[in-house]
**Student:** 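What follows is a single structure, and I will ask about it in a moment.
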Amino acid sequence: MRPGRVLPRSFYERAPDVVARELLGCVVEAESPEGVVAVRLVETEAYAGPDDAASHAWRGPTPRTAVMFGPPGRSYVYFSYGMHWALNLVCEPQGRAAAVLLRAGQIVSGVDLARTRRRPGALEHRLAAGPANLAACLGLDGTWSDRPVTSARGALRVRAGERPPTGDVLTAARVGISRAVDVPWRFALADDPRVSSPRPRRPPG
DNA sequence: TGCATGATGTTCT
DNA sequence: GAACATCATGCAC
């Protein structure tokens, strides 16, 4: 796969559902002293600001969520359930909170390193299935939060990928939340085994 | 194949 | 004190 250009800040300066959908097929790269792991995204979710009851930013900025209110094109890495990290990309102009949660992807580079960070015998299509697994493959923790992802020289960056056909993008309700459960802001590539469960279905028609 | 459960820190009520 | 943008395991069917 020919590596695409690093996505510019303007890409993220839009509504989170638009960014989430267009991120499918793009490649996230995390570079550390151990090496580089690259993941082609197959599943994302959009989260908005104070209007979205499922969003961390719903009740306004806190020390944890301040990043979401900052400039777009930066990382928001949060710790959840006492043991997992998850990677988000901040969207919308500065002052408006929104982010895209990266839920699952295909390892396209650094598979061995990713497997070392997960489980020795892990199957490829399970390595980065789920937001915590994805972050683990990339070797992320809280120190990776609030970093730009728009610089080709940065340790964390996102490259343009092959745009999937519109008919291959599934839309569904978000997973693992208890508020605003009907908002269809989960996006995934159809028929990709790495999409975390429950698998979304093709829209009717 | 599918559900109940434990691990465990940060945030909010 | 409870909830939470989770995952792997174990056991029932």
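Chain letters run A, B, ... following the sequence lines, proteins first and then strands; every chain starts at 1. Worth knowing before you read on, the calculation uses all heavy atoms, side chains too, and leaves out hydrogens, waters and symmetry mates.
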**Student:** What nucleotide among B/dT11, B/dA7, C/dA5 has an atom nearest to a side-chain atom of A/Met83?
**Tutor:**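 Ranking B/dT11, B/dA7, C/dA5 by closest atom to the A/Met83 side chain puts B/dA7 first.
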**Student:** Measuring only the P atom in each nucleotide, how far is B/dT10 from C/dA8? A whole number of Å is fine.
**Tutor:**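 Rounded to whole Å, the distance is 22 Å.
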**Student:** Any salt bridge (Lys or Arg N to Asp or Glu O under 4.0 Å) involving residues 64-88 of chain A? Give me the pairs, sequence neighbours left out, ordered by first then second residue.
**Tutor:** A/Arg74-A/Asp146
**Student:** What integer distance in Å separates A/Tyr47:OH from C/dC4:P?
**Tutor:** 12 Å
**Student:** Just to be sure I understand the rule, does A/Ala86 reach a base, reach only the sugar-phosphate, or reach nothing, if contact means heavy atoms closer than 4.0 Å?
**Tutor:**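 No contact at all - A/Ala86 keeps every heavy atom at 4.0 Å or more from the nucleic acid.
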**Student:** When you measure from the side-chain N and O atoms of A/Arg118 to the phosphate of C/dC7, is any distance below 4.0 Å, counting only OP1 and OP2?
**Tutor:** no
**Student:** Of the nucleotides C/dA5, B/dG9, C/dT6, which one has an atom closest to the side chain of A/Phe79?
**Tutor:** B/dG9
**Student:** Main chain of A/Ala57, side chain of A/Ser55: is a donor-acceptor contact present, judged purely on distance under 3.5 Å?
**Tutor:**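 Between the backbone of A/Ala57 and the side chain of A/Ser55 there is a qualifying donor-acceptor contact (under 3.5 Å).
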**Student:** Within the structure shown, what part of the strands sits under 4.0 Å from A/Tyr81 by heavy-atom distance: base, sugar-phosphate, or nothing?
**Tutor:**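 Base contact.
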**Student:** With sugar-phosphate meaning primed atoms plus P, OP1 and OP2, does A/Arg119 contact a base, only sugar-phosphate, or nothing at under 4.0 Å between heavy atoms?
**Tutor:** sugar-phosphate
**Student:** At under 4.0 Å between heavy atoms, what does A/Asn133 touch on the DNA or RNA strands: base, sugar-phosphate, or nothing?
**Tutor:**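 Since only primed, P, OP1 and OP2 atoms lie under 4.0 Å of A/Asn133, the category is sugar-phosphate.
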**Student:** Using heavy atoms to find the nearest nucleotide of DNA chain C for A/Arg126 and A/Tyr78 separately, return the residue whose nucleotide is more 5′.
**Tutor:** A/Tyr78
**Student:** With respect to the side chain of A/Ile177, which nucleotide from B/dG9, C/dC7, C/dA5 is positioned closest?
**Tutor:** C/dA5
**Student:** Give the cluster check for A/Leu134 versus A/Trp85: same hydrophobic cluster or not, with ILVMFWY residues linked at side-chain heavy-atom distances below 4.5 Å.
**Tutor:**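 As far as the 4.5 Å side-chain criterion goes, A/Trp85 and A/Leu134 are connected within one cluster.
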**Student:** For B/dT10 and A/Ser80 - does any side-chain N or O of the residue sit under 4.0 Å from the phosphate oxygens OP1/OP2?
**Tutor:** no
**Student:** What is the separation between atom CG on A/Leu101 and atom C1' on C/dC4, rounded to the nearest whole Å?
**Tutor:** 13 Å
**Student:** Write down the distance between CG (A/Leu127) and P (C/dC7), rounded to a whole number of angstrom.
**Tutor:** 13 Å
**Student:** Using atom CZ of A/Arg174 as one end and atom C1' of C/dT6 as the other, report the distance to the nearest whole Å.
**Tutor:** 17 Å
**Student:** What's the CZ-P distance between A/Arg179 and B/dC12, to the nearest Å?
**Tutor:** 12 Å
**Student:** With a 4.0 Å cut-off on heavy atoms, is A/Ser178 in touch with a base, just the backbone sugar-phosphate, or nothing at all?
**Tutor:**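 Contact class for A/Ser178: sugar-phosphate only.
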**Student:** Rounded to the nearest Å, what distance is computed from the CZ atom of residue A/Arg64 to the P atom of nucleotide B/dC12?
**Tutor:**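 Taking atom P of B/dC12 as the reference, CZ of A/Arg64 is at 7 Å.
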**Student:** Looking at A/His56, does any N or O in its side chain come under 4.0 Å of the phosphate oxygens OP1/OP2 on C/dA5?
**Tutor:**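 Checking A/His56 against C/dA5: at least one side-chain N or O falls below 4.0 Å of OP1 or OP2.
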**Student:** Within the side chain of A/Arg157, is there an N or O that forms a donor-acceptor pair under 3.5 Å with the backbone of A/Ser151?
**Tutor:**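 No; judged by distance alone, with no hydrogens or angles, the pair does not exist.
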**Student:** Can you measure A/Arg59 atom CZ to C/dC4 atom P for me and round it to whole angstrom units?
**Tutor:** 10 Å
**Student:** Could you give me the CA-CA distance, side-chain angles and deciding distance for A/Thr171 and A/Phe187, then say whether side chain to side chain contact (heavy atoms under 4.5 Å, CB included) is met?
**Tutor:** CA-CA 5 Å; A/Thr171 303; A/Phe187 304 96; 4.0 Å; yes
**Student:** In Watson-Crick or G-U wobble terms, both distances under 3.5 Å, what is the partner of C/dA8?
**Tutor:** B/dT5
**Student:** By nearest atom, which of the nucleotides B/dC12, C/dT6, B/dG9 is closest to the A/Thr62 side chain?
**Tutor:**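 Of all the options, the side chain of A/Thr62 is nearest to B/dC12.
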**Student:** Rounded to whole Å, please give me the gap between NE2 in A/His84 and P in B/dT10.
**Tutor:**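 From A/His84 NE2 to B/dT10 P: 15 Å.
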**Student:** Say whether, by atom type as modelled, one donor and one acceptor occur between the side chain of A/Arg118 and the main chain of A/Ala136 under 3.5 angstrom.
**Tutor:** no
